[in-house]
Amino acid sequence: MANIEKKDISMHYDFKEIEKNWQDFWAKNQTFKAENNSDKPKYYVLDMFPYPSGAGLHVGHPLGYIASDIYARYKRHKGFNVLHPQGYDSFGLPAEQYAIQTGQHPAVTTAANIKTYRRQLDQLGFSFDWSREVRTSSPEYYKWTQWIFIQIFNSWYNKDTDKAEDVETLIAKFSADGNANVNAVCDDDIESFSAADWKAFSDVKKQEILLQYRLTYLADTEVNWCPALGTVLANDEIVNGVSERGGHPVIRKKMTQWSMRISAYAQRLLDGLNTVDWPQPLKDSQTNWIGRSQGASVVFNVKDHDEKIEVFTIRPDTIFGVSFMTLAPEHELVSKITTEAQKAEVEAYIEATAKRSERDRMADVKTISGAFTGAYAEHPFTKEPIPIWIGDYVLAGYGTGAVMSVPCGDQRDYDFAKHFNIPIPNIFEGVDISEEAYADKDKTVIANSDFLNGLPYKKAMKLAIYELEKLGQGEGKINYRLRDAVFSRQRYWGEPFPVYYVDGMPQMIEKEFLPIALPEVEKYLPTETGEPPLGNAEVWAWDTVTNTVVNNSEINNTTVFPLELNTMPGWAGSSQYFNRYMDPHNENEIFSKEAIDYWQDVDLYIGGSEHATGHLLYSRFWQKFMFDKGLVPKDEFAKKLINQGMITGTSAFVYGFWVAFSHFNSLEDLKVEDKTMAYPVERPFLLLVSKSVYENCVKSEDFTEIEDWVEKKFSGYSNIIDIDKSVSQNTYDIRPIVQHVNVSLVNSSDELNFEDFLKWRQEYSNSVLFQEGKYIVGREVEKMSKSKYNVVNPDAICEEYGADSLRLYEMFLGPLEQSKPWNTAGITGAHGFLKKLWRLYHLGAEGAFAVSEDEPSKDSFKTLHKTIKKVEEDIENFSFNTSVSTFMIAVNELGAQKCNSRNVLEPLAILVSPYAPHIAEELWKQLGHEGSISTVDFPKFEEKYLVESSKEYPVSFNGKMRFKLELPLDLSKDEIEAAVMAHEKTAQQLQGRTPKKVIVVPAGKIINIVG
RNA sequence: GCUCGAGUGGUGGAAUUGGUAGACACGUUGGACUUAAAAUCCAAUGGACAUUAGUCCGUACGGGUUCAAGUCCCGUCUCGAGUACCA
């Protein structure tokens, strides 16, 4: 029986059988298990691990995974010990939202989703080392997330050594000298104290002070509060003023939150970008996010007050152009300095600003508004009074929340001055500022500025700073836009903090008692008193005697204390997973020293660009922290990073189908227009039919046949859509239609009024090009996402064409980094290639396996070796799309050559194996080899097979190619020229003229005759 | 507004240092095989004129450099991504 089965497989390309067999083989033999030591050089290929959503994988997900898998397999062929792990970023909001709605525990849904993901990933034939799988939501994993949090808590940032240090060193400094000489990144408003003061402080006071220095700290911060989600969001979780997930409104609110002092690392995060091979756009956006600006801080004294206003400016050289100052409405000095006369106006303005949401303020940057406080500041040099205004164009959150306004040099200051009739002194030589502010700082010199007169920008900057420092009213300063990252979330489904509170001060739980596992709760919503969901837990208190989590009722604040109710944000778990993969089952350490010393860092990281300012920035921060603590050997975790493009949903029209919508109720209502057709039924619905069906059936009004045909053609997709079910009160839920035609419409709004639908239909018809009734070309579409109902699921494709076809096809679609629309139609090309490949090895009777042991022809060797060369270059350059065409060319050529030789077909199977591993394994086995092809040496390119004695030269006249001429390669330039000039076609082209010049580029490049 | 990226057939895309523009694939058209369909194979396929060679035009648009430009330079337009009162 086994023989018959085997023979069966060898007869035709039975991808289902082949793929299943080899997937089982790999799993059984743990083919891709990586060892933490090896004589081979190491190579670490990492994918951004997925969040296991309920929708499962769509065809866009695997793109990056396929690319990294090809690279990982290639590196194995090249003799590397490859680490290629996969896992799940399994904490997150959707599971929690689902839990809120259904009461289903997020762990249950998450486990179910992971199961689906695993099945789908397995079916694509990835060479993951599943023995190293991690899940951020499993206690064995988040034990170490909690552990890192504790390490961060126990650290401060020493600016003198420019690294994180243990708080013990800080305490030592305090005990010796107080905090006067401590150069730390810490909170702004820290009182100074002496060593004696420090010793005299109470324990709680000491903890309070230390908290202001720790790298993670509790603070009352203004946060982005999303009432609908009941949680705080990070800046990068907000898009256009609403939450990224769900699109709910977000407001500003003060809360006590854990924060990470990422700002301490601003400069190093910036510098590190120069040491990694990451895409420039991604580096740019991180650079932009960190937002370094170099300038000076300037201190202005307030007249008749004992107050000072500190501002940050990048143009201290324009200090003599200051004609007013502007404070953010929220600035703390506003209430102190506002005069009685201005009080009413200022308060009214503050109230009006507070009412405007952040979103309104952002959307409306044109309206100029502000109010005069009545107070004046004193110019540091001229001692002239400067009116102090407030205005909402100054942001409380950036710099000091105050600016020195130089209307002649800044457009916003200029507009403000114009609007309120404030003088606009000109300090630029020979520049007209009557219309707008002068912005080109490099091209002029300073005037009307006392000691700065006549100086160009750079010199003026230096001198201004020098003079300010002499006065004690300023200094050179670098400012960063990067804010500390809020680390608390009011959610259930996240890592609990290993923290309990004594006298309101946070205490860390010892490492040996970790993990602190998530407690069970009745409800996943915030409590009635507004506490986070963990406030619902009954067993959620820390007993310091037994070192266990106990019931809340036992809290006595002497031995049993309340635990932290917040959980960690989504990026906590994803900031350390790449290191944990190196030693994922270590129970005593986050990873062993041997493991991290061996694997070092990620060599290739592939994932989406949407993580540029989230995950990728935070992970770099944690890595640098761990580097400072001597835990990791590299301060950047990934050497090379590639952003794979998105696969977008695509239109149905690429099939060449006709689209029609109908709500006609009878045949009489049916009006077949010229280009579209409608289909009469009792209910409204949407139908796609092909041109031929249209012609054959519609014209004959044989509608049953259409229905059958559509059913058959679209099996695997939902086909004829019954939108009647979603009709209520003239509102049509268009989502099924969107899903059906695989096109995304009208801003993805979930529901559409029928009127609007008709309008859409009109617009949509207009955007469709009808070319002589042949083609219908669709419009652009969006990212595949569940909410847009334009998802193409890989299961159906695997079923119909197999994983190898899908892998090849996704690579063939275009450059990896580029976004591209999904179009199932083209997959037959990739599938056809595999069939042709199979046939090369199966030229025996009735398609039986048969290769010859004969020496292949010269041409076949040439085909093979140029393919080796090209494919190797392409993989190294991550140009996977072109290597797929190279394979196609090779197979086409070998087919034409009737090449059947083992000496060509064996190396060919290895070449193909990273791309289409299943078929390659099967062919390898049929070629008589034992075991997996995956670690066989990559074929060696040999130049000698490509050496030629002659080459076809393109011959052009005045740059236009006219004919080709075969010439020996060993001819000299003169000989080539002579040969060309002697050619009859040359004479024909010249028609008696004498050429002015003949350009010969040897080695078969080109010959150009100028005449 | 600012920053970055991109515009090539009906479609996705090739052309890696300036050297045959449109590889490869899809789609389309015609043909072979078949009762038929599927599958497979063969041929054609940037446009226009000529249908035997051949000629002209073509890489968003307008200039320029060069023997030679999709590629380099200057200007313009369009699209996409990111960011947004950042002082």
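In what follows, every heavy atom counts, from backbone to side chain, and hydrogens, waters and symmetry copies are set aside. Small disclaimer: the values here were computed from a predicted structure and weren't measured.
Candidate nucleotides B:A14, B:U20, B:U16 were compared by shortest atom distance to the side chain of A:T882, and B:A14 ranks first.
Contacts of A:R292 with the nucleic acid, taken as non-hydrogen atoms under 4.0 Å apart, are absent. Counting non-hydrogen atoms under 4.0 angstrom, A:N892 reaches the backbone sugars and phosphates but no base. The residue A:K283 sits apart from the nucleic acid: no heavy atom pair falls under 4.0 Å. In this structure, A:V1001 reaches the bases: a heavy-atom distance under 4.0 Å links it to at least one base atom across the strands shown. Across all strands, A:D410 comes closer than 4.0 Å to no nucleic acid atom at all (heavy-atom distances). Within the 4.0 angstrom heavy-atom criterion, only backbone atoms of the sugar-phosphate kind lie near A:Q818; the bases stay farther away.
You'll find the ring centres of A:F15 and A:H831 inside the 6.0 Å limit.
A:T313 contributes a side-chain N or O that, together with a main-chain N or O of A:R315, makes up a donor-acceptor pair within less than 3.5 Å. Under the 3.5 Å distance criterion, the side-chain polar atoms of A:K283 are matched with a main-chain donor or acceptor of A:L273.
B:G13 and B:U65 have their P atoms separated by 34 Å, with the value rounded to a whole Å. As rounded to the nearest Å, B:U8 and B:C72 have P atoms that lie 16 Å from one another. For B:G70 and B:G62, the P atoms lie 14 Å apart once the distance is rounded to whole Å.
Between A:E977 and A:K997, none of the side-chain N atoms (NZ, or NE/NH1/NH2) sits under 4.0 Å from a carboxylate O, so this pair counts as no salt bridge. A salt bridge links A:K16 with A:E799; the closest basic N to acidic carboxylate O contact falls under 4.0 Å.
Of the side-chain N and O atoms in A:R839, one or more sit less than 4.0 angstrom from OP1 or OP2 of B:C41. Close to B:A39, at under 4.0 Å from its OP1 or OP2, lies no side-chain N or O of A:K835. Close to B:A87, at under 4.0 Å from its OP1 or OP2, lies no side-chain N or O of A:R481. Phosphate contact (OP1/OP2 of B:A14, side-chain N/O of A:N881, threshold under 4.0 Å): present. One finds no side-chain N or O of A:S285 lying less than 4.0 angstrom from the OP1 or OP2 phosphate oxygen of B:U3.
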>> For a quick check, with a 4.0 angstrom heavy-atom cut-off, what is the B/S/- contact string for nucleotides 42-51 of chain B, read 5' to 3'?
In response: ----------

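In terms of the salt bridge (Lys or Arg N to Asp or Glu O under 4.0 Å) criterion, A:E475 has no residue partners (sequence neighbours excluded).
The side-chain heavy atoms of A:F420 and A:F324, taken from C-beta on, include no pair separated by under 4.5 Å. Contact of the A:P380 side chain with the A:F300 side chain is registered, since non-hydrogen atoms from C-beta on lie closer than 4.5 Å.
Nearest-nucleotide mapping onto RNA chain B: of A:I999 and A:S956, the residue sitting toward the 5' end is A:S956. Nearer the 5' end of RNA chain B, as judged by each residue's closest nucleotide, is the contact made by A:T828, out of A:G399 and A:T828.
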> Which string of ( ) [ ] | and . matches RNA chain B, if you list each base 5' to 3' and count Watson-Crick or G-U pairs only when both distances are under 3.5 Å?
Replying inline: (((((((..(((......[....)))((((((.......))))))((((....))))..(((((..]....))))))))))))....

